[in-house]
Visitor: 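Here's a structure for you.
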Protein chains: 2
Amino acid sequence: MADAATTAVIRRFNRAYTQRIGALEDSFLGVGLPLGTARLLFEVGAEPATAQALRSRLGLDSGYLSRLLRRLEEEGLAVVTPDPADRRRRLVDLTPEGRRRWRQLEDRSEARARQLVEPLSARQRERLAAALAEADLLVRAATVTFERVDPDSPVARDAVGRYFAEVGRRFGFDPAGEPEKDAVDLAPPRGEFFVAVSDGEPVACGGVRALGDGVGEVKRMWVHDGWRGAGLGSRLLRHLEDAARALGHRVARLDTNETLVEAIALYDRAGYQRTPRYGDNPFATHFFQKSLAAPG
Amino acid sequence: MADAATTAVIRRFNRAYTQRIGALEDSFLGVGLPLGTARLLFEVGAEPATAQALRSRLGLDSGYLSRLLRRLEEEGLAVVTPDPADRRRRLVDLTPEGRRRWRQLEDRSEARARQLVEPLSARQRERLAAALAEADLLVRAATVTFERVDPDSPVARDAVGRYFAEVGRRFGFDPAGEPEKDAVDLAPPRGEFFVAVSDGEPVACGGVRALGDGVGEVKRMWVHDGWRGAGLGSRLLRHLEDAARALGHRVARLDTNETLVEAIALYDRAGYQRTPRYGDNPFATHFFQKSLAAPG
DNA sequence: CATGTTCTCTGACTAAAGTCAGAGAACATG
DNA sequence: CATGTTCTCTGACTTTAGTCAGAGAACATG
């Protein structure tokens, strides 16, 4: 029952942790603003945004947000202006006074964290930081979601750019002309492309294109190197297989280069079989395929 | 700046973690009770208690708690009875139906934790559990507080009993007659005794007694073996030195046995100097002392 | 340019959360 | 047994948090 043991640890940790550090919540109080308003201030301070974006980030009702924004405006902490690009939308930013208050929230949060580690020695602090970083990576990797995006969108270009940079470095892959092909092959109706974003940065991507005869090809599969070893690659591959299946493919195929040993190990683990060369990718040295018949 | 790096990791983790698992909070919703009432139900379910204890545990206003309890009673989830030992007090316990609802909260919390680890492989789950256990230990060790208690109280007896068991095992210490001496020497006005309790279990203890001539002796210093290596011993020792100073001592002294190598290392680190034998403890082989002149 | 859609705001609510000042019963103490 | 203290309750509040149904302006599209 490794499972029950794990959840027990998580829950034990959860109780202790939320009690002690009281999440961020506590540090949001005591600056003269109610929690909801403080949270909004904090969010705007982290990055000015449209009302719409704030609503989705914080999960608020539009009427409610409208009132919270009004309150921030009345207190002289924020300014709300129409977006010149679309005058239905409203842009929210902090005033200098709002920024001062935001920094105050930051400071309290920082003080709280400092107070927690204060009784610990330098070595113990390092241990705590290492343990939390590890837990952070795993929790994020387990919860990040794959969003379907246009392969020609900025976020997709960013992600694929990182992919090209890495394969360029590792086996001299030349991406000339590829983005243009991707824009067609990896977009509906012929294919799909997904990106996982965490804290505004792409951390993984991958797509599926049609090879014909019920065969879908997995392409541009990439995981940010700070995020490897946390199961994100397996999750991504499963997600792409599901997408291929939904597109009507019965077989998934992919090629890779011998230098990408982690990827090859991943495909082996996921049940892919070696298969003869297909296509004309001059950089590919290994070819895999897997039946999509049984889901999972 | 190991410090800033540590707080940055903590805060990063904090954001991700509270967002994803949403603390326990989310799992408290959706059982047909408002958050505050659900939290109270959960607390009572964990351990039936007096209204007073619940108030201090949850930090509630007495009027507010009174109403919350009424609500639980009206819904048939709890029974509130006068404490026979002190009829001003009220005892709160759950009804069978309340216990059923409590279990429901437990299940949701469990399900949430399970859902979090679901995308992870067995190995990654183990890593997550290990990382959280490590963080848990350090956070608890950094935040547990030392309470001054009567050395004759049950919790003190429990803690010292564990201490005796360990030193008995390690170098054959014989505690005959010691508890009776402690009851006088480690209680005001002659001395003081402290226990750290976590989740109802003593995890560390120690006391100070007067040797005369401005010398205080540190006694019964013990740390639960599951809690070692997290700085709890150093914190305890500092706490005892502060107590000795407050009792008017200018010098702290202590003896120990050569088999307790971790303790000896701790005393060395804390600035204690070897000193010739004092007193007539037949089990002591090493003697230490330290000036309490400069605080810290 | 008519039509539907998107985005924000307003009014009118409800429920939850929390505070404060006593009142009254039960205990503790000299 | 008079007096002060502890503990819980009640009444009378205020503030937050959150929901819902439109209204109206701005955009998108055929």
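Heavy atoms only: backbone and side chains are in, while hydrogens, waters and symmetry mates are out. Note that this is a predicted model, so its numbers are computed, not measured. Protein chains get the first letters and strands the later ones, always in sequence-line order, with residue 1 at the start of each.
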Visitor: Taking the minimum atom-to-atom distance to the side chain of B:Gln52, which one of C:dT8, D:dA17, D:dC7 wins?
Guide: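 The answer is D:dC7.
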Visitor: Parallel, tilted or perpendicular: which describes the rings of B:Phe146 and B:His239, with under 30° parallel and over 60° perpendicular?
Guide: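 B:Phe146 and B:His239: tilted rings.
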Visitor: Pairing check on C:dT6: which nucleotide meets the Watson-Crick or G-U wobble criteria with it, both distances under 3.5 Å?
Guide: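 Partner of C:dT6: D:dA25.
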Visitor: Is there a Watson-Crick or G-U wobble partner for D:dG30 with both distances under 3.5 Å, and which nucleotide is it?
Guide: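 Partner of D:dG30: C:dC1.
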Visitor: Rounded to whole angstrom units, what separation is found between the CG atom of A:Leu65 and the P atom of C:dT6?
Guide: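 Value for this atom pair: 19 Å.
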Visitor: Nearest whole angstrom, please: distance from the P of D:dG18 to the CG of A:Leu60.
Guide: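 Taking atom P of D:dG18 as the reference, CG of A:Leu60 is at 7 Å.
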Visitor: OP1 or OP2 of C:dT8 versus the side-chain N and O atoms of A:Arg55: is any pair under 4.0 Å?
Guide: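 For A:Arg55, the contact criterion (side-chain N or O under 4.0 Å from OP1 or OP2 of C:dT8) is met.
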Visitor: Select base, sugar-phosphate, or nothing to describe what B:Gly36 touches, counting heavy atoms under 4.0 Å on all strands.
Guide: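 Answer is sugar-phosphate: B:Gly36 comes under 4.0 Å of backbone atoms only.
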Visitor: Starting at atom CG of B:Leu68, determine the distance to atom C1' of C:dG18, rounded to an integer number of angstrom.
Guide: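 Whole-Å distance recorded here is 10 Å.
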Visitor: Under a 3.5 Å cut-off for both distances, is C:dA17 Watson-Crick or wobble paired, and to whom?
Guide: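 Check on C:dA17: paired to D:dT14, both distances under 3.5 Å.
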Visitor: Could you tell me whether the phosphate oxygens of D:dC7, OP1 or OP2, come under 4.0 Å of any side-chain nitrogen or oxygen in B:Arg90?
Guide: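 No, because none of the side-chain N or O atoms of B:Arg90 sits under 4.0 Å from OP1 or OP2 of D:dC7.
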Visitor: Has the side chain of A:Arg67 got a donor or acceptor that lies under 3.5 Å from a partner of the other kind on the base of C:dG11?
Guide: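 For A:Arg67, whose side chain was compared with the base of C:dG11, there is a donor-acceptor pair (under 3.5 Å).
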Visitor: Rounded to the nearest Å, what distance is computed from the CG atom of residue A:Asp61 to the C1' atom of nucleotide D:dT16?
Guide: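 After rounding, the gap between these two atoms is 14 Å.
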Visitor: Can you tell me how far C1' of C:dA16 sits from CG of B:Leu40, to the nearest Å?
Guide: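 Checked: the CG to C1' distance equals 15 Å.
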Visitor: Using only heavy-atom distances, decide whether a donor-acceptor pair under 3.5 angstrom links the side-chain of B:Arg88 to the base of D:dT8.
Guide: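 Looking at the base of D:dT8, it does not pair with any donor or acceptor on the side chain of B:Arg88 (distance under 3.5 Å).
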Visitor: Could one point to a donor on the side chain of A:Ser62 or the base of C:dC9 with an acceptor on the other under 3.5 Å away?
Guide: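 Pair found.
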Visitor: One thing to verify: whether A:Arg90 and A:Asp83 come together as a salt bridge, which I'm taking to mean a side-chain N less than 4.0 angstrom from a carboxylate O.
Guide: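 A salt bridge is absent here (no side-chain N lies under 4.0 Å from a carboxylate O).
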Visitor: Check every strand shown and say whether B:Asp86 touches a base, only sugar-phosphate, or nothing at a heavy-atom separation below 4.0 Å.
Guide: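 Sugar-phosphate only.
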Visitor: What integer distance in Å separates B:Leu35:CG from D:dT16:P?
Guide: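 After rounding, the gap between these two atoms is 18 Å.
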Visitor: Looking only at atom types and distance, does a side-chain atom of B:Arg235 sit under 3.5 Å from a main-chain N or O of B:Val144, one as donor and one as acceptor?
Guide: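 Indeed, once roles are kept as given, a pair shorter than 3.5 Å links the two residues.
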Visitor: Compare the minimum distances between each of D:dT19, C:dA17, D:dT16 and the side chain of A:Arg71, then state the nucleotide with the smallest one.
Guide: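 Nearest nucleotide to the side chain: D:dT16.
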Visitor: Measure the spacing between CG of A:Leu68 and CG of A:Leu41 and express it to the nearest 0.5 Å.
Guide: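 The distance works out to 11.0 Å.
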Visitor: Taking for each residue the nucleotide of DNA chain D bearing the nearest heavy atom, is the 5' side occupied by A:Asp83 or by A:Tyr64?
Guide: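 Result of the comparison: A:Tyr64.
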Visitor: Decide, yes or no, whether a salt bridge links A:Arg162 with A:Glu201 under the criterion of side-chain N to carboxylate O below 4.0 Å.
Guide: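 Yes, this pair counts.
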Visitor: To the nearest Å, give me how far apart CG (A:Leu69) and P (D:dA17) are.
Guide: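 Taking atom P of D:dA17 as the reference, CG of A:Leu69 is at 14 Å.
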